[in-house]
Amino acid sequence: MPGSEKQVRVRIAPSPTGNLHVGTVRAALFNELFARHHGGSFIIRIEDTDKARSRPEFERNILEGLAWLGIEWQEGPDKDGSFGPYRQSERIEHYRAALQALLDQDKAYYDETANNVIRLRVAPQEVRFTDLIRGEIITHTDSWGGDFVIARDLKDPVFHLAVVVDDAAQQISHVIRGEDHISNTARHLLLQQALNLPTPHYAHLPLLLDEHRRKLSKRAGEVSVLTYQQHGYLPDALLNYLALLGWNPKNDQEYFTHEELIRNFNLPGIQKGGAVFSLVKLQGFNKYYLRQLSPPALLAAAEPYLRQAGIAVDNTAYWQSALQTEQERVSTLQELGQAVAFFAPDWQGDFPGTLLIWKKSDRQQTRQILEKLAQFLETLPEPTFTVQSLHDEIMNWLETEQLGRGDTLWPLRVALTGREHSPGPFEVAAVLGKQATLQRIAQALEKLL
RNA sequence: GGCUCCAUCGUCUAACGGCUAGGACGCUGCCCUUUCAAGGCGGAAAUAGGGGUUCGAUUCCCCUUGGAGCUACCA
């Protein structure tokens with residue numbers, strides 16, 4: 001078309017028949033990135049024409065999940081624009097009018113042989129359109145049998161009719177949706193022709209696949225965003241990972257902020273083949289984003305998970321330091337909450353005494369060393385309880401006492417943490433402070449009697 | 001079955017028709033080291049097969065094979 005470029009308006013049209021799905025998130029993300037890259041609008045339209053399965057709590061879950069991820073929309077059921085309403089259940093009049101027009105012009109008819117549903121008349125023909133990602137796609141109407149159902153009755157339209165009417169009414173310029181809709185597109189084109197409506201551009205995204213390379217579905221497991229939220233994945237990590245599933249910037253960059261994604265996003269960077277959703281790789285991203293958090297941000301993010309692990313955060317500085325010792329060692333906030341449990345002031349070291357004994361040592365020797373170490377630590381002033389000073393002091397002491405590192409540091413670490421694997425003893429002791437450190441060593445000694 | 005889409009390491013992917021096919025995650029060897037991580041330095045790992053076109057195909061065309069999606073009065 002000559003003249004000014006049409007305003008970019010895109011949408012996602014989730015049906016509120018389940019909690020927010022990662023596939024929906026990725027479609028939402030790609031639409032949002034496309035809109036913002038082109039200075040356009042991103043719209044959320046709730047497709048609740050399936051009255052039996054649609055539920056308001058699912059709509060809420062979808063909207064809250066997208067907001068949690070930092071995906072922004074300009075118009076939606078909770079954000080009025082000039083193209084509302086944004087729930088199909090509230091747009092029945094539009095569909096009724098369209099259906100009536102089709103019936104009046106004899107472009108559609110009541111099918112008396114099948115429950116009196118309304119069908120669109122379709123002359124046998126080839127339907128073609130240009131997909132922005134795949135190029136020209138040609139379908140013959142014979143392949144699905146021609147006339148197709150567009151409504152159960154005047155007030156009960158089927159998805160095909162509703163999308164076409166709404167996309168036109170809301171001036172959608174680009175329909176960016178899952179590959180599973182490719183075969184529906186021909187029907188939508190036919191409907192647009194019958195209703196004299198414009199045809200938007202279409203771009204069909206590759207599917208998200210499970211480990212068996214089948215379409216990611218609820219049955220396949222962890223597809224609900226809520227689950228990832230509960231497990232302690234960071235929104236930025238999920239967003240970054242999802243953006244790279246089926247799209248890439250044509251270079252080696254892996255980590256993107258939301259703004260960088262907006263700047264770099266384009267349709268040619270979208271892949272044609274389906275992409276397997278890998279929890280392992282998502283964990284890698286989450287680990288990376290976890291490491292980027294400042295101590296206050298880390299505490300803020302981790303607090304719900306600490307509470308979940310039975311930890312009351314009464315001392316901000318203490319818990320910030322405690323979290324830092326595990327920050328690089330875990331991949332989710334949930335793991336983090338469990339990992340720092342031993343820092344609780346009222347921790348009762350519930351571990352077997354044998355765990356205190358280093359592989360080349362024995363019970364008696366371990367006891368003697370811990371006793372001596374406690375006496376030595378007793379002489380250190382409180383300000384010495386920093387990672388660096390403790391390291392220097394204890395290492396020096398080991399040398400003068402002619403003691404082995406493993407023989408000493410392993411039991412110390414276990415005495416303080418009760419764990420086979422944990423942060424180093426200096427890090428932990430520095431957080432605990434002198435008093436708690438000595439107390440835990442004393443507690444451990446009792447296990448060696 | 002019919003229709004449609006797709007095809008580079010295990011996975012996500014890069015490579016104007018032109019270097020030893022690059023990166024990331026994972027796996028793995030060594031170093032570091034009190035454990036586990038982290039970190040440093042290495043390694044294994046891919047163009048599905050067959051025909052063309054071309055001086056030259058990962059790249060373009062065809063066939064085969066394989067996979068997926070759709071095939072609802074669900075969206």
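Each chain gets a letter, A, B and so on, in the order the sequences are listed, and its residues count up from 1.
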Inset, instruction - Determine the contact category for His181(A): base if any of its heavy atoms lies under 4.0 Å from a base atom, sugar-phosphate if only primed atoms, P, OP1 or OP2 are that close, otherwise nothing. - result: base
Legend entry - Residue-phosphate contact under 4.0 Å: Lys215(A) side-chain N/O, rG69(B) OP1/OP2: no
Inset, instruction - Send over the distance from Glu328(A) CD to rG40(B) P, rounded to a whole Å. - result: 11 Å
Inset, instruction - Go along nucleotides 18-33 of chain B 5' to 3' and tag each nucleotide: B for a protein heavy atom under 4.0 Å from its base, S when only backbone or sugar atoms are that close, - otherwise. - result: ----BBBSS------S
Inset, instruction - Could you please name the partner base of rC30(B), counting Watson-Crick and G-U wobble pairs only when both distances are under 3.5 Å? - result: rG40(B)
Inset, instruction - Answer with yes or no whether the side chains of Arg177(A) and Thr185(A) bring together a donor and an acceptor at under 3.5 Å. - result: yes
Legend entry - Presence of Arg214(A) side-chain N/O under 4.0 Å of rA68(B) phosphate oxygens OP1/OP2: yes
Legend entry - Distance between P atoms of rA48(B) and rG66(B) (Å, rounded): 15 Å
Legend entry - rC9(B) and rA44(B), which share atom name C1', separated by this distance in whole Å: 10 Å
Legend entry - Cationic N near anionic O, under 4.0 Å, Arg60(A) to Glu57(A): no
Inset, instruction - State the pairing partner of rC16(B); accept Watson-Crick or G-U wobble contacts with both distances under 3.5 Å, and report none otherwise. - result: none
Inset, instruction - Considering only atom C1', compute the distance from rC27(B) to rA45(B) and round it to an integer number of Å. - result: 9 Å
Inset, instruction - Report the relative orientation of the aromatic rings in Tyr255(A) and Phe285(A); use parallel for angles under 30°, tilted for 30 to 60°, perpendicular for over 60°. - result: perpendicular
Legend entry - Pairwise 5' ranking along RNA chain B for Phe426(A) and Lys272(A), keeping only the more 5' one: Lys272(A)
Inset, instruction - Report the nucleotide, chosen from rU35(B), rC70(B), rU4(B), that has the shortest atom-to-atom distance to any side-chain atom of Arg413(A). - result: rU35(B)
Inset, instruction - Sticking with atom P, work out how far rU11(B) lies from rA68(B), rounded to a whole angstrom. - result: 14 Å
Inset, instruction - Please measure how far the C1' atom in rU54(B) lies from the corresponding atom in rG40(B), and state the result in whole Å. - result: 47 Å
Legend entry - base_contact_polar (rC73(B) base, Asn115(A) side chain, donor-acceptor, <3.5 Å): yes
Inset, instruction - Report yes or no: is the cationic atom of Arg9(A) (NZ for Lys, CZ for Arg) under 6.0 Å from the centre of the six-membered ring of Phe83(A), at an angle within 45° of the ring normal? - result: yes
Inset, instruction - Using both distances under 3.5 Å as the test, list the Watson-Crick or G-U wobble partner of rU58(B), or none. - result: none
Inset, instruction - Would you mind classifying the nucleic acid contact of Glu47(A) as base, sugar-phosphate or nothing, using non-hydrogen atoms under 4.0 angstrom? - result: sugar-phosphate
Inset, instruction - Would you please confirm or rule out a distance under 4.0 Å between OP1 or OP2 of rA75(B) and any side-chain N or O of Thr49(A)? - result: yes
Legend entry - Distance test, side-chain N/O of Arg213(A) to OP1/OP2 of rC12(B), below 4.0 Å: yes
Legend entry - Closest listed nucleotide, where the reference is the side chain of Val158(A) and the choices are rG69(B), rA14(B), rC73(B): rC73(B)
Inset, instruction - Please report the shortest heavy-atom distance between Ala169(A) and Arg91(A), naming the atom on each side. - result: CB-NH2, 3.5 Å
Inset, instruction - Just call it for Pro425(A): base, sugar-phosphate, or nothing, with non-hydrogen atoms closer than 4.0 Å on any strand. - result: base
Legend entry - Closest nucleotide among rA75(B), rC70(B), rC5(B) to the Ser15(A) side chain: rA75(B)
Legend entry - Whole-angstrom distance between rC30(B) and rG10(B), as gauged at atom C1': 24 Å
Legend entry - Shortest side-chain distance from Leu245(A), nucleotide among rC12(B), rU35(B), rU4(B): rC12(B)
Inset, instruction - Assess the side chains of Asp78(A) and Tyr86(A): does a donor N or O sit below 3.5 Å from an acceptor N or O? - result: no
Inset, instruction - Looking at every strand, decide which applies to Ala162(A) at a 4.0 Å heavy-atom threshold: base, sugar-phosphate, or nothing. - result: nothing
Inset, instruction - Looking at every strand, decide which applies to Thr408(A) at a 4.0 Å heavy-atom threshold: base, sugar-phosphate, or nothing. - result: nothing
Inset, instruction - Assign Asp156(A) to base, sugar-phosphate, or nothing according to its heavy-atom contacts below 4.0 angstrom with the strands shown. - result: nothing
Inset, instruction - Kindly point out which of rU4(B), rG69(B), rC12(B) is positioned nearest to the side chain of Leu207(A)? - result: rG69(B)
Inset, instruction - Please state the C1' separation for the pair rU13(B) and rU47(B) - nearest whole angstrom. - result: 13 Å
Legend entry - Nearest-Å distance once atom C1' is located in both rA24(B) and rA46(B): 15 Å
Inset, instruction - For the residue pair Trp397(A) and Phe376(A), categorise the inter-ring angle as parallel (less than 30°), tilted (30 to 60°) or perpendicular (more than 60°). - result: parallel
Inset, instruction - Rounded to the nearest 0.5 Å, what's the gap from CZ on Arg363(A) to CG on Leu356(A)? Could you check? - result: 9.0 Å
Legend entry - rU11(B) pairs with, by Watson-Crick or G-U criteria that keep both distances under 3.5 Å: rA24(B)
Inset, instruction - Kindly point out which of rC12(B), rC73(B), rC5(B) is positioned nearest to the side chain of Val117(A)? - result: rC73(B)
Inset, instruction - Select base, sugar-phosphate, or nothing to describe what Gly246(A) touches, counting heavy atoms under 4.0 Å on all strands. - result: sugar-phosphate
Inset, instruction - Take the angle between the ring planes of Trp347(A) and Phe351(A) and call it parallel below 30°, perpendicular above 60°, tilted in between. - result: parallel
Legend entry - Residues, nucleotides or ligands: over 12 heavy atoms within 6.0 Å of Asp362(A) CG: yes
Legend entry - Contact under 4.0 Å: Gln271(A) side-chain N or O vs rA14(B) OP1/OP2: yes
